[in-house]
Structures are given as C-alpha cells and as structure tokens.
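Both ligands and their constituent atoms are indexed starting at 1 by order of listing. The shown structure was predicted, so the numbers you read here are calculated from the model rather than taken from an experiment.
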Amino acid sequence: MTFKYPDAEMWLFGAWVVMSCLCLVQAELYTAITDLEDLLDTEAMFMETLDRYIEREEKKIERLKRKADEYRKEHALASSDVSEYLSNPLNAYLLVKRLTTDWTTTESLMTEQTSLDEAQHNFTEIKRFMKFPTDEDLTGAAAALIRLQDTYDMDTSSLAKGELMGVKYTTQLSASDCFELGRQSYNSLDYHHTRLWMTEALARQEQELRQNSNKTETPKWEILEYLAYSTYMEGNVKTALDMTNELLQLYPEHERAQGNKAYYISVIDKESNNKIEIEEVEQTNAKPFDRAPTEKELYEMSCRGAVSPPKEIQAKLKCRYVSSSPFTRLARLKEEEAYLEPRILLYRDVMYDSEIEVIKRLATPRLKRATVQNFKTGALETASYRISKSAWLSNIEDEVVARVSRRVEDLSGLTTETSEELQVVNYGIGGHYEPHFDFARADEVNAFKSLGTGNRIATILFYMSDVAQGGATAFPDLKLALSPQKGTAAVWMNLHANGEGDVRTRHAACPVLAGSKWVSNKWLHVVGQEFLRPCTLDPTV
Ligand SMILES: *[C@@H]1O[C@H](CO)[C@@H](O)[C@H](O)[C@H]1NC(C)=O
Ligand SMILES: *[C@@H]1O[C@H](CO)[C@@H](O)[C@H](O)[C@H]1NC(C)=O
C-alpha cells in the first residue's frame, strides 16, 4: 500500500528541496551515484544557458560587424578625396553624427551586458535550486579516485589512460585533470600521490603538445613546482633540485623557486659535509612483504582478489537447497556456504527485481550521508572511512519492506521483532566502508543503548545491484571477498552463542571501482532470540 495523497507528494517534494539545500552546504554529492545522476540534469541546464548566451552574443557580434562594415565603407569613400567629401554639407553633418550619437549607440551595443547578466542570473538560480557540487565534493571525488588507485593497486599512467584493472574504458584524463588530482593530493599533504600525478601531468602535457591538442591551461613551470616539492618531501633532494633548475629555465624570476633552489643546495651540501650518503629513494610501487601484512593491506588484497581462503577450507564448502521455517514464503532456498567458521551463508535470488525497484524508489529521496557511532559519546557522525549514502525504511511504509523482514526471519531462523529498520545504502565513486564490526564491543558502552534490545546478533545483507568492478564485501581475517550479485543475501552471526562478539566477522565494503552499488541490510538484535538461538557458555559456538 502506498500513500499517494497530493499533500504527501507536496511534502516529499518540499523535503527534497530542503535536503538538496542541505547538500549544498554539506558537500557530499560524490558519495552516492544517485546524486551524481542529478548532477547530469544540472549540467544540462548549464549547457542550455550557455548555448542561449552564445547565440545572443553571436547575434550581437553580427550587428557590430554590420556597423563596422558601414563605417568602413563610408570612411573609405571619405578618404578617397577628403576635401571633395567634406565640401558636401551633408557629409560634414553625417561625419559629426557618426562620431557622436551613432558611436554612442555602437559602443553601448558593445558593452551591453544583458545576456551576460541574464546567463549569470540563471546560473545562480540553477545552483540554488538544483544539485550542485562544492569544492568539498571535488576534494572527496579526488580522494575517492586515489583510494581506488591504492586499493586496486593501479598505476598512475594506466589509470590516466582509462584502464581500470585491465579493463579499458574510453574516458581518459588530460594533463589538467591529472594536475588537479596532484593538487588535491598536495592539499591533503599526500606528497606520494602529488608526485605520481604531477609526473603524469607532465607526461600528458608533452603528449598533448605533440598532438597539438593543447588542453592545458596550467603552465609547465607550475607542474614542476609541485613535482619538485613533493619529490623533496619524499626524500629526493637531488631530483628536486634538477626539477627546480628546469623550472627556473622556464621562469627565471620565480622567487619561491629561487629560494627553494638555494635551500635544496644547502641541504645537499650539509649532507655531503656530514658524509651522509644521499640515498635516492627507490621509487617503486612494489611492496614485498617481509612481515605479516597489516589489516589494511589484507583488506585491500581481499578487495582486489589477491588473496583467498586456504584451499582446505574452500574444499569443504557446500551448496544445497533448503526448506526453511514452516512458515516459509519461499518454496526452497538456494543456500551456499561462503565460509564455515564463522559460518557465512549466501542465498541466491531471495530479493526480486520488482522488490529492489520499490526499495530503491522509497529510499532515494531520503538518502543521507551514512554515519558512524562515536564510541565514546554514542553520537552519530560522518567519517571518511565510511563513504556512502543511506536511508532507513520501516515495515509500515510499504508491504515490500515488511515482506523483506519476513524473509529475513526465514533466512536466519531468528525474529525481526527487535531488529533495526531496513537500512538501504548506495555507494558512489570509491564509496567504501573500512573494516569494522557490526556488533558493539564491550568498551562501546553507549552503542545501541537507546534501543534497549541488546547487541547486534546477526547481519543479513542483501545485494540490490551487480557491480561492474569492485564493491565486494571483504572479511580481511578470513581473506574472503563476497562479490555483489543482484538478489543475493549474505547472512552471518556477529555474536558467539555466549553473547560475545565474534571478531572473525570483521568486514569491510570494498570501494566501488566501476558501477553503482546498492545494498540493504537488516541487523537483528539479541533480545527476543532466547528460544530461537539458546545461549551457551561455550565460547566456541
Ligand atoms: C534564463 O531563464 C529564463 C527563465 O527560465 C529564460 O527565459 C531565459 O531565456 C534564460 N536565459 C538564458 C541566457 O539562458
Ligand atoms: C599551450 O599551453 C601552454 C601552457 O603550458 C600555454 O602557455 C600556451 O600558450 C598554449 N599553446 C597553445 C598553442 O594553445
């Protein structure tokens, strides 16, 4: 049942306007694909305004050209025989008139701003009433791209050529696109990526010059300045000095570069006086492990499929058809084991396309930047390690949401009486959620306190889209990555039967490399499950 009263729609539209205004100040459009879709509408309006402006300016220029032609013709006639021309009193009068009132009209036509003013006014209005990205969105989108580069271990020049993990796309980055990525990295004090992207910007600029497709507004010396500084910050003083010398050849008066040059020379002198060998840092992306990988590294390796669970474990995994609870609304479930200890199960085709459409439609106008709980205060905040947009749907809103809740009971054998509402999540460019537990740890005293339903006993995660590349659910400790498949649900218990958190369930949402990722999830809580999953003191189950 859906409510379709005109008033409700008006209210929804009002809510949309308020939300989009909030977005303008909160700068989070890059976090979800649905918002980016709206940006295309904004761009269409911009283009329309620009076209109309150009058309009017062209008409104006046409009129000015006609005027200029008239002046030229009359002037040529006068110049051919000046005294003859001026002896005619009409010509004398017309010359004076041309340079007074006529010229004033011409000049005011030249300086007329109405189409510019109107275009600017329209731009302002579009920015006010449509979704529009801010500088923070640009920073976020750049950071997302760099996160993808790291997670999926992609080299800078392949990425600039539009190659994503071996898949070639048509979009390429120009020198100035690369420069912007370098500049964004520099602003976040990330000198490693500043150097990579400025190097690429130089290479691209040279290529563009060779192909006479000079798209760069940025002069070469400016790229060199960023490159030299980041190279110095990464420990390569000599190379930084060479780059600065090259810069000074292009722009000898550049004061900061002169200062830097003197400084780099003094650093090199000091080091050689102290007889310290200047070791030029090896610039390579390969990082062989002579130690156990960190969780972050394991997470990234799981995301790009560089690790997988041991063969012995994989050999034991089974899939089967199961008939679940007597009240099951699905004839038989296709159950697939993804892992045994802890038990992580996949159920294929348990959410229908029609249901997915309804859920996405209900959630879309309400998507907000996903938050994380501050473990000290219990307050909800946004964080760069969780980038997505989410919305909550309750059972009473739509029969489809209620149906999904009942299905969750069928899949898990647990009750949804005490569960949270259905959370719907859309991940945008590089959208991700770094490794985390779904349950609250013992020190997180404030988590779920207000709910009064105990800890999160189980997670049921529905994939509501296929994802072209990336976007897996990774369990770094298990070296396991679940690829999103539309209609599939992943189910696992977060707690041991004694109520303690199962740390092996630590998981992450890998960044989306290509595509849009939609998921929804249901978190079931402890209270109400006493007879469905009896507790024991045995910590091994
Ligand atoms: C500005 O918007 C108004 C109202 O939509 C429209 O009539 C006008 O043509 C637009 N002007 C430009 C330059 O786009
Ligand atoms: C090409 O770009 C450079 C900036 O590096 C600029 O100075 C130059 O004028 C441009 N040349 C052409 C032909 O557009």
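Of all the heavy atoms of Arg56, the ones lying under 4.0 Å from any atom of ligand 1 belong exclusively to the side chain.
Looking at Lys296 and Glu300, a side-chain N of the basic residue comes within less than 4.0 Å of a carboxylate O on the acidic one, giving a salt bridge. A salt bridge links Glu246 to Lys220: at least one charged side-chain nitrogen sits closer than 4.0 Å to a carboxylate oxygen. In this structure, Arg407 pairs ionically with Glu355, as a charged nitrogen and a carboxylate oxygen lie closer than 4.0 Å.
Within the model, atoms CH2 of Trp221 and CG of Leu227 stand 14.0 Å from one another, a figure rounded to the nearest 0.5 Å. Rounded to the nearest 0.5 Å, atoms CG (Leu181) and CG (Asp190) are 11.0 Å apart.
Looking only at heavy atoms of the protein, atom 9 (O) of ligand 1 is closest to Arg52 NH1, 2.9 Å.
Shown here, atom 5 (O) of ligand 1 is out of close reach of the protein: none of its heavy atoms lies under 4.0 Å off. Per-atom contact check: atom 11 (N) of ligand 1 touches the protein, criterion being a heavy-atom distance below 4.0 Å.
Below 4.0 Å from some heavy atom of Glu118 lie the following atoms of ligand 1, by number and element: 1 (C), 8 (C), 9 (O), 10 (C), 11 (N), 12 (C), 13 (C). Using a 4.0 Å cut-off to heavy atoms of Asn122, the atoms of ligand 1 that qualify are 1 (C), 2 (O), 3 (C), 8 (C), 10 (C), 11 (N), 12 (C), 14 (O).
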